[in-house]
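All remarks here apply to the structure that follows.
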Amino acid sequence: MAIRYGVQADSQNECAEGLAKLVDAGMLPIMLPTLLSDGRWLARAVPAPASGRVAVSEPAEG
C-alpha cells in the first residue's frame with residue numbers, strides 16, 4: 001500500500017499514544033515505535049483494507 005501515516009515524537013510513550021490514536025481511527029500498525037539515530041521516535045500505520053473489498057477475483061464457475 002502506498003499510503004502511510006507516521007507518528008514522530010520525542011518519547012516512546014508519546015509515539016505509542018499517537019500510534020494508538022491511528023489504530024483507534026481504523027489504521028493498521030506496520031511499524032511499532034522505533035528510536036531513530038537522532039533521538040526521535042517513529043511509528044507507522046496504513047489504512048485498513050475496506051471491508052467487503054475483494055483483492056483477487058476468482059473465475060466464475062459454470
Side-chain angles (χ1 to χ4, degrees):
M1 170 148 303
I3 298 172
R4 291 179 185 87
Y5 296 94
V7 176
Q8 185 176 318
D10 292 330
S11 73
Q12 184 178 14
N13 287 339
E14 203 174 32
C15 192
E17 288 175 18
L19 182 59
K21 288 180 181 182
L22 289 176
V23 171
D24 289 345
M27 305 292 160
L28 299 175
I30 59 168
M31 187 175 103
L32 296 177
T34 302
L35 182 60
L36 303 176
S37 60
D38 63 357
R40 293 176 295 156
W41 288 84
L42 179 68
R44 291 190 178 124
V46 296
S51 60
R53 199 167 155 188
V54 178
V56 177
S57 60
E58 297 181 21
E61 292 183 32

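Residue numbers start at 1 and run along the sequence shown.
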Roughly how far, to the nearest 0.5 Å, is the CD atom of Gln12 from the OG1 atom of Thr34?
9.0 Å
Measure the CZ-CZ distance between Arg4 and Arg44 for me, rounded to the nearest 0.5 Å.
7.0 Å
Which atom of Val46 lies closest to which atom of Ile3, heavy atoms considered
CG1-O, 3.5 Å
Mind checking whether Met27 and Pro47 have side chains closer than 4.5 Å, heavy atoms only?
yes
Minimum heavy-atom separation for Ala43 to Pro33, with atom names?
CB-N, 3.9 Å
Nearest heavy atoms of Leu42 and Cys15, plus distance in Å
C-SG, 3.7 Å
